[in-house]
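Right, one structure below, let's go through it.
All values below come from the heavy atoms of this structure, side chains included, with hydrogens, waters and symmetry mates left out. First the proteins, then the strands, lettered A, B, ... as listed; each starts at 1.
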There are 2 protein chains.
Amino acid sequence: MKPQATPQKNVYRYLDGKADGNGSMKDLLGGKGAGLAEMTLAGLPVPPGFTITTEICNRYYASGKQFPPGVWEEILAALAEVEQAFGKRFGNADDPLLVSVRSGAKFSMPGMMDTVLNLGLNDDTVVGLAAQTGNDRFAMDAYRRFIQMFGRIVLGIGGEKFDHAFDEAKRAKNCHLDTDLDAADLREIVARFKEIVQTETGDPFPTDPHRQLELAIRAVFDSWFGKRAVDYRRLNKIADDLGTAVNVVTMVFGNMGSDSGTGVAFTRNPSTGENELFGEYLTNAQGEDVVAGIRTPLKIAALRDEMPEVYEHFRQVALKLERHYKDVQDLEFTIERGKLWMLQTRNAKRTGTAAVRIAVDFVREGIISREEAILRVEPNQLDQLLHKMIDPKADITVLATGLPASPGAASGAVVFDPETAERRGSAGEKVILVRVETSPEDFHGMVKAEGILTARGGMTSHAAVVARGMGKCCVAGCGALAIDYDSASMHIGDQVIAEGDFITLDGSTGRVILGLAPLVEPKIGGEFKEFMGWVDEARTMRVRTNADTPNDAQVARGFGAEGIGLCRTEHMFFVGDRIDAVRQMIMVSSEYQRLVEEIGHLHTEIEKARNNPDRAADLEHELARAQERFVRPKELFTGALTKLLPMQREDFIGIFTAMDGFPVTIRLLDPPLHEFLPHTDEEIELLASKLNLPAETVHAKVEGLREANPMLGHRGCRLGIAYPEITEMQSRAIFEAAVHVKQKGFTVIPEVMIPLVGDVNELKLQEAIVRRVASEVMTETGVAIDYLVGTMIELPRAALTADKVATVAEFFSFGTNDLTQTTFGLSRDDAGSFLPMYVERKILKDDPFQVLDREGVGLLMRIGVDKGRSTRPKLKIGICGEHGGEPSSVEFCYGLGMDYVSCSPYRVPIARLAAAQAALAAKTTEGSTHSTK
Amino acid sequence: MKPQATPQKNVYRYLDGKADGNGSMKDLLGGKGAGLAEMTLAGLPVPPGFTITTEICNRYYASGKQFPPGVWEEILAALAEVEQAFGKRFGNADDPLLVSVRSGAKFSMPGMMDTVLNLGLNDDTVVGLAAQTGNDRFAMDAYRRFIQMFGRIVLGIGGEKFDHAFDEAKRAKNCHLDTDLDAADLREIVARFKEIVQTETGDPFPTDPHRQLELAIRAVFDSWFGKRAVDYRRLNKIADDLGTAVNVVTMVFGNMGSDSGTGVAFTRNPSTGENELFGEYLTNAQGEDVVAGIRTPLKIAALRDEMPEVYEHFRQVALKLERHYKDVQDLEFTIERGKLWMLQTRNAKRTGTAAVRIAVDFVREGIISREEAILRVEPNQLDQLLHKMIDPKADITVLATGLPASPGAASGAVVFDPETAERRGSAGEKVILVRVETSPEDFHGMVKAEGILTARGGMTSHAAVVARGMGKCCVAGCGALAIDYDSASMHIGDQVIAEGDFITLDGSTGRVILGLAPLVEPKIGGEFKEFMGWVDEARTMRVRTNADTPNDAQVARGFGAEGIGLCRTEHMFFVGDRIDAVRQMIMVSSEYQRLVEEIGHLHTEIEKARNNPDRAADLEHELARAQERFVRPKELFTGALTKLLPMQREDFIGIFTAMDGFPVTIRLLDPPLHEFLPHTDEEIELLASKLNLPAETVHAKVEGLREANPMLGHRGCRLGIAYPEITEMQSRAIFEAAVHVKQKGFTVIPEVMIPLVGDVNELKLQEAIVRRVASEVMTETGVAIDYLVGTMIELPRAALTADKVATVAEFFSFGTNDLTQTTFGLSRDDAGSFLPMYVERKILKDDPFQVLDREGVGLLMRIGVDKGRSTRPKLKIGICGEHGGEPSSVEFCYGLGMDYVSCSPYRVPIARLAAAQAALAAKTTEGSTHSTK
């Protein structure tokens, strides 16, 4: 075959180890055609065939559905070469060549035309096929299947017509299985099918194989503008003018006796990554028999004994393909009378464990470089390596499915309140905490539970965020649960689950399973460590963790975290009986603040009245009275803070110690005060009696602090501005802890983060307090601490005015959870009622709380980074939203030039890998940019 | 006096009608010094004096608080010229020259040094002063005041020291009033004051007038870095290196007998604008006597009879000043022994009525051009012309002060619920509706009330927005109210107000007044019309109105509105019994939607199962059952919409008719469905019985629709996407109304606005429905309607992706209320607890819900405009947030190149004026830009 690279070439052959095209020509040949050419070129035994180009498809339409001149002749010429190569002739009654005809566009399109198999059969050639195979029934069955398929796909006859006729024949013969029909029965069915074609189309079934071929090719072209294909392209934004190619491939049969067979195999074990052929085959069978599962296939190793030569050939082919594609291959093959034919090869899907092992082995075997290995593992796959999972072999009963909010699996006894969870969990029992939704008050119960299940809330609900932080399994927003706290039970459909009943959660898929399903522990092999070592070599961006406790910090450090990017201080307020002090403070907060203002105002007035002794005396009197009234609130307010100070200091000591040598970013108090107050009547009464106040007073306070939109309310630094004493207490706790830890010989790098800044003036006020307290503590102790003061960029206005904010902030940490909420005007607590619909209907490509929205939120981030660095070129920039552990978002952060990303402990390895891949991708882009210069 | 323009000049004289400086030299001479020079140059009788420059202040500090060489000599030289000019000598015992010494920076700084008067007195010169005035007591009193003032301000002695000594002296003499002390008593006090100075400073009181002068000048310079001045500069961002000037001015006395006097006057009436001298004076008095209010001053006209020549001179001066400054002047003068001295002139403050009349009169008198006249009136002042106000002469008891949420005044009987308001209001009674806060459900009561008072909510709360829209007086967020709905009463401090008690509201100041205060009607004169005519000539940007009813539209048209920029459709849902239909629809909404989805899903599955008859049959069966269950919800859901359609159509017919010839922008349904549901148990039970449902079902639905952050929840176009039927119904109502109105011969220009778009895909889906319905209606009726489809830009993401949004949107309307909320992450409903503090403490310059935040929100708007016009250059752009009626925001919108602003009806004239001023200011800037080229 001479190479014909002229642009007029319309039909691309692949046969005899040669091909007109190759794997890179997907535009012209479609994915399938290019793949077949590539395999042929690789010297593999591929059934000969040819591909009619996508270009012809377009010209076919351009000329009013006509084959362009000369194309049919080219097809016939190619067909002749295929006959030659395969040693059979199309339409030859003795030993007919049969072909399959399939569509094949540049992108895989499930909405396109199905395959027509066995094309070339008619009343004459079927006899040849029978003789050739020595199997009359096989030939007849192939013939009736062909008519049926051709009738439905090419001639557009409703499939049920053939199905009914077939069923009728079975009934007439009183058969149950298709295989109960013999060759004579099938012959009758063929006759019946031909009648159907005649009736439905008004024409006899086309018996001329060339006519069959022409019609099938036309049908493929026509399907390009079929409704399903057009809809699919609209949805997936695929251009109409790509066109589809048509593949005409020689049929081979695995059911031609005991020297024939068919199978599927992986070049390595896709579960474990072990370097062994892995797969199954069936002797004397066709592909569909393997899929149908009627006969039990044998392990591929058995082929070694049954057909040693074929097996050896296959092993060589597999090896060759793996080397050729430099990746593990997923193979389909057929053995026809002792001859191996490769029908498909593609990169194999694999588990996370396998992906890592294979990548490492490939490097060791010299097939790929370390950098290529890094790019081979999908970051999210690492999740599987770090969490328990449900034994894939186990029989399970799925009760319902919620959102896969935090990966892993957990089983235990159901409990419905955090107190019981804490009690039973502390006693060593495994419990699953089930709540309508969780709040910070449930924290102590969540700590002791194996897993968490909620009826409401999304992927970034409190339950989800906290569970991911703890690496604990969580299924959230499982709408099918009807929880009744009073009776401590829940309905799921007809099933009632009472407290103490066992369930299992699969946080990786969202499944809720009845009973205790068997779990398997994750295995982290040496390959993982080696692989992550390469990852860290390639990586340039730092990865920190979001951690609020020394334990979380320790876990994350084990996963390779290089500091804490977000330490929330409010969770600490719920530990033990601290909440009592917090609530005491809140109860007097407004009175306290009002009196602070009143006293401040009186001082100013007295100053002004210095020339008016009468007025001054009156004011002094008023001041005295105000100060008298101030005694009690001040005692309660600052008293509470005094109680909290040593506790917070202890928290920070633990965290600083765990993060020795790495920076720790501590966010000052963020949530609205309302979140710390009790909400049920009982809790309110309990608090009232603790504080020695009337229940109505507590009730009124709870009501008074309620906000229409708490997300946009009195929270973040707005609290620290109203109550500078809180900022002061927290700063003191931070710096006293830092001094303590430094004196013990650890290296401590505190970064104090002011939340929810919208204007630089807010930051200035808070920064002044932090710096004042820091220098007070340093003066008191004589110990110097290096620290930074910065802010979270979580409001659009902070990003938009980042140039000003950066005049004060020494670092920015993008709080992309809140930034996404405000940029979209979308509450993550409420989005559950419509956001899933948005994603399903492709209004939004992804849930923006999971995958960072580059277009909107990302643009704001870019503005923030650019403006921030315009006034402070060395500004340290990171991200601490949930997106910091999501690979695509990590890549985006890398592109923005961030110094680090921060994510929950169990996502640290994922972020490390994503960061490394981003760095490598950028290198490649730079490389290619250079090469085009 | 020779002109000395050398840069070395340090002391600038003004005397004998000449001056070294002039009014433009505020940098060097400070505001006061420049003003005195300017008045002198204008030929006015100004007491001679001189100004030491700000430059000397800086050099004084630079040289370690030393007068630069030669400066003292310059001062003495200037002083000699002043002596010459005034005919008295400084320190002369017979006829001493006395001076005042004052600070004067470029910007007025209340935190700076006070004035020292009567400088130059000592034991010798006081005798001369007594002889000169023939008033021993006067001279001695001036002397003791001087020591006291000098002691406190220049020598830094605590003022109370002198006060105590003075009080002691009064006690010793058994006097009550200062005036009971005679000359001898005062002489004793002078002696005592001198002792105080000796004790406190260790030095005797400086008797040398030159020494006094030097110390006073030093004190002024020193005060520049005094704590108060520094604090003031920090707060107001005034640079430290501006420095202060020192003014040394000859003293003149209005209390030298019946041929002396002092007064203040306006060149025209500042209340009405009438062209008449307006003011008061006192014979034989000093300025402070007028202020103290001990004697009753006479009207300025009386001066004509008492001192005809002086009066005529003053009249001439006033006229001259008005011409000189081309504005009405506010004058201070003193008559010393028949000679008039002008002490101050400045542009007069005036009412809105006066401002318009004066501007028009000035044009008529040829003093200023029309353009200048337009720039002379502060847009917000027009508010006074359009609303009732409380008679300024009335005696009133202010109970409390809230936010001035909607201007005007109203009085009536207090009612606490909208039903009573509607009932009593409809019966012709004047009622004030008092609520904790209002919601759309209160609308019918608000319509019938004279004014609205709320305890909670800010300037953009529901009450405030709706009241402004109706031009109705509203005081919002009056925290002092403790409302008890059960007893239909409220406490304000100790005062209890029951239903039916009378109160008066002042919506322009926020005052809540006990009883029925007398109100005065606004007077709109012919000048207003003429003035607004000029305004419209100068204006290039359109002004529309936000109006939801034909009546509002009519009112706004009367005020010059050129279309509707925002017609909210949700208020229409509350009119009459429509709300019942709306609630019926909401009650079945989720079930309806779920079934729509289920049925759609089943159709898809059936399609997929076409080759699997068994499965298909099962699915068909399921489909039938779903469709059965669908009958009732569909009936209720679409039935409710069918009921609403003709009602909405009627609304639109009214509005289109009222706006004949102008565009009308209609926003489709925006608020979360929850807002339409009842909230109290009684209301819920009532609804349940109306809908024939169990109360628990209704309760559960109300609870189920409750959102954590409704502002960021399921609202805006998110509703229209979940329930396309609503969009369809509203579109049909719009286009059927448009056709109807067009057929009546009116010109109708509908602009359909999709709210809360965050992604162009949302807009695409909604646009498709609107356009489909529009063409259906046009086909059905055969009437073509020109219309636009556009969107509100009210989410940061819409602005950030405006290039894509504009590929679909034909117009943008910036919804700056919500855009401000999301950009700042600030709920306007909740901001009341801290935003006032932010504004008071200057963390934010203005309340961003009142004055558009240019830096943050404004930047997003600029991005939105630029990106929007990048893909659709002819994009029509407007604003429909509250800012559309706020002058500074209107100016900003003009700068962004908007086509129009839209505001509440009563603010239309304000917006027109602001838009005209913006256009003129831009012209000036362009002009000056050209001149510098």
Q.
Any heavy-atom pair between the side chains of A:L826 and B:R797 that's under 4.5 Å?
A. no
With a 4.5 angstrom heavy-atom cut-off, which part of [X] approaches chain A: side chain, backbone, both or neither?
| X | value |
| --- | --- |
| B:E794 | neither |
| B:A708 | both |
| B:K764 | neither |
| B:Y838 | side chain |
| B:L835 | neither |

Toward chain B, the part of [X] with a non-hydrogen atom under 4.5 Å:
| X | answer |
| --- | --- |
| A:D853 | side chain |
| A:F834 | side chain |
| A:T823 | both |

Q.
Tell me if the NZ atom of B:K804 is crowded by more than 12 foreign heavy atoms within 6.0 Å.
A. no
Q: Answer yes or no: does atom CD of A:E703 have more than 12 heavy-atom neighbours from other residues, nucleotides or ligands under 6.0 Å?
A: yes
(Q) Which one wins on heavy-atom pair count under 4.5 Å against chain A: B:H714, B:Q821, B:Q593? (A) B:H714
Q. If you count heavy-atom pairs under 4.5 Å between each of B:L756, B:I843, B:L795 and chain A, which one has the most?
A. B:I843
Q: Please confirm whether the backbone N or O of A:M711 pairs with a side-chain atom of B:N709, one donor and one acceptor, at under 3.5 Å?
A: yes
Return the minimal non-hydrogen interatomic distance between [X] and [Y], and the atom names on each side.
| X | Y | value |
| --- | --- | --- |
| A:N761 | B:K842 | ND2-O, 3.6 Å |
| B:D759 | A:L844 | OD2-CD2, 3.7 Å |
| B:R718 | A:F824 | NH2-O, 2.8 Å |

Q. If you check every heavy atom in residues 854-861 of chain A against those of chain B, which residues fall under 4.5 Å?
A. A:E855, A:G856, A:L859, A:L860
Q: Could you grab the distance from atom CD1 of B:I863 to atom CG of A:L800, nearest 0.5 Å is fine?
A: 6.0 Å
